[in-house]
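Reading through the structure tokens given below for one structure.
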Amino acid sequence: TASAADRVGWIEEQIKEGEAWLEGQTAYKELPKNLKIFNGIFNDKTKSTLLSNQLKYNIRKFVETISEVREIGSYGSDAPQFKAYANMVNKVAKAVYLEAAFPRSIRKTLQFSAVMGRGYIWPRCETGDYGFGERQLRFQELGPLDVVPVQIPPKTNDVQDAYIVHVYEYMPIAQAH
């Protein structure tokens, strides 16, 4: 086995490689400009000196339209021995959709995608009250600065084909333990 210093060195090397890939993405190069546009911090001197935020409104309307996700219709079976199972799967799917606030999570993820070029959604089982509460299914929204993929094949350039993915998650110390 490798020593602790070798393992830490390997992790640092992988993170640098992932950050180099992020820096090569078009949306990453324009990130400060994209955030200013989204926040309405720009002015168009060709028309007037009035600060307008029509672009932010258009982005929000676009995201609102494509994030209007309805729950899956239903599962069914013609075989009588599977009807009870299909009914149970329908109840679980509806509970996940409603209790995990999926529509809100997909909207936030699409906002990351529309403005910053990439957005990710991470289904997780989380425990409340710093590990002592009830477990809940939650969809966590992540932006391009939260996810660092490593060793993406140049042939596909698909994050799903990455060897490893580092996720930066910021949390209170009490929650980290």
Side-chain angles (χ1 to χ4, degrees), residues 11 14-15 18-19 21-22 25-28 31 34-35 37-40 53 55-153 156-177:
I11 291 170
Q14 299 306 310
I15 290 173
E19 287 175 347
W21 180 82
L22 282 175
Q25 302 301 305
T26 306
Y28 189 85
L31 190 61
N34 292 347
L35 287 173
I37 289 173
F38 186 72
N39 290 327
N53 206 357
L55 183 57
K56 182 178 179 179
Y57 173 78
N58 290 342
I59 290 171
R60 285 196 171 168
K61 290 302 276 184
F62 174 74
V63 167
E64 183 179 320
T65 302
I66 64 174
S67 69
E68 194 62 38
V69 179
R70 303 278 186 230
E71 62 182 287
I72 299 172
S74 65
Y75 299 99
S77 175
D78 293 334
Q81 66 267 28
F82 294 122
K83 287 194 185 259
Y85 181 75
N87 188 29
M88 185 266 309
V89 170
N90 284 330
K91 289 179 181 178
V92 169
K94 187 171 187 171
V96 166
Y97 178 83
L98 295 174
E99 291 178 14
F102 181 76
R104 185 176 312 143
S105 297
I106 197 72
R107 184 174 300 126
K108 287 181 181 179
T109 302
L110 289 169
Q111 286 173 342
F112 276 126
S113 297
V115 177
M116 296 186 232
R118 289 190 183 275
Y120 305 93
I121 192 165
W122 184 11
R124 306 174 48 154
C125 180
E126 292 185 349
T127 308
D129 296 332
Y130 297 110
F132 297 103
E134 183 180 334
R135 290 187 180 197
Q136 296 177 338
L137 181 65
R138 182 172 163 259
F139 294 96
Q140 183 175 354
E141 314 82 20
L142 301 166
L145 301 177
D146 299 324
V147 178
V148 180
V150 178
Q151 295 184 16
I152 297 177
T156 62
N157 201 29
D158 187 3
V159 176
Q160 296 294 325
D161 296 333
Y163 175 64
I164 54 176
V165 176
H166 298 282
V167 176
Y168 291 114
E169 181 178 12
Y170 302 97
M171 63 180 68
I173 293 173
Q175 188 178 354
H177 291 96

Taking the side chain as every heavy atom from C-beta outward, state whether Tyr97 and Pro103 have any atom pair closer than 4.5 Å.
-> yes
Trp21 side chain near Val159 side chain, heavy-atom distance below 4.5 Å = yes
Can you give the donor-acceptor pairs under 3.5 Å from side chains of residues 79-86 to other protein atoms, not counting sequence neighbours?
unit_1, atom_1, unit_2, atom_2, d
Lys83, NZ, Ser77, O, 3.3

Sequence neighbours excluded, every pair satisfying salt bridge (charged side-chain N to carboxylate O under 4.0 Å, His left out) that has a member inside residues 97-108 = none
Tyr170 side, atom OH; Asp146 side, atom CG - distance, nearest 0.5 Å = 7.0 Å
Name the atoms and distances for all side-chain donor-acceptor pairs under 3.5 Å in residues 113-124, with sequence neighbours left out.
unit_1, atom_1, unit_2, atom_2, d
Ser113, OG, Thr109, O, 3.3
Ser113, OG, Gly119, N, 3.2
Arg118, NH2, Gln25, OE1, 3.3
Arg124, NE, Glu126, OE2, 3.3
Arg124, NH1, Gln140, OE1, 2.5
Arg124, NH1, Glu169, OE1, 3.1
Arg124, NH1, Glu169, OE2, 2.7
Arg124, NH2, Glu169, OE2, 3.4

So, for Leu145 and Tyr28, which heavy atoms are closest and what is the spacing to 0.1 Å?
-> CD2-CE1, 3.3 Å
To the nearest 0.5 Å, how far apart are OH in Tyr130 and CD1 in Ile173?
-> 10.5 Å
Heavy atoms from other residues, nucleotides or ligands near CG of Asp78 exceed 12 (cutoff 6.0 Å) = no
On a heavy-atom basis, the closest approach of Ser105 and Glu141 is OG-OE2, 2.9 Å
Between CD on residue Glu19 and CD1 on residue Ile15, distance to nearest 0.5 Å | 7.0 Å
What closest approach, in Å, do Leu110 and Ser67 show between heavy atoms, and which atom pair accounts for it?
-> CD1-CB, 3.5 Å
Take the angle between the ring planes of Phe102 and Phe139 and call it parallel below 30°, perpendicular above 60°, tilted in between.
-> perpendicular
Indicate yes or no: at least one non-hydrogen side-chain atom of Ile152 is less than 4.5 angstrom from one of Asp158.
-> no
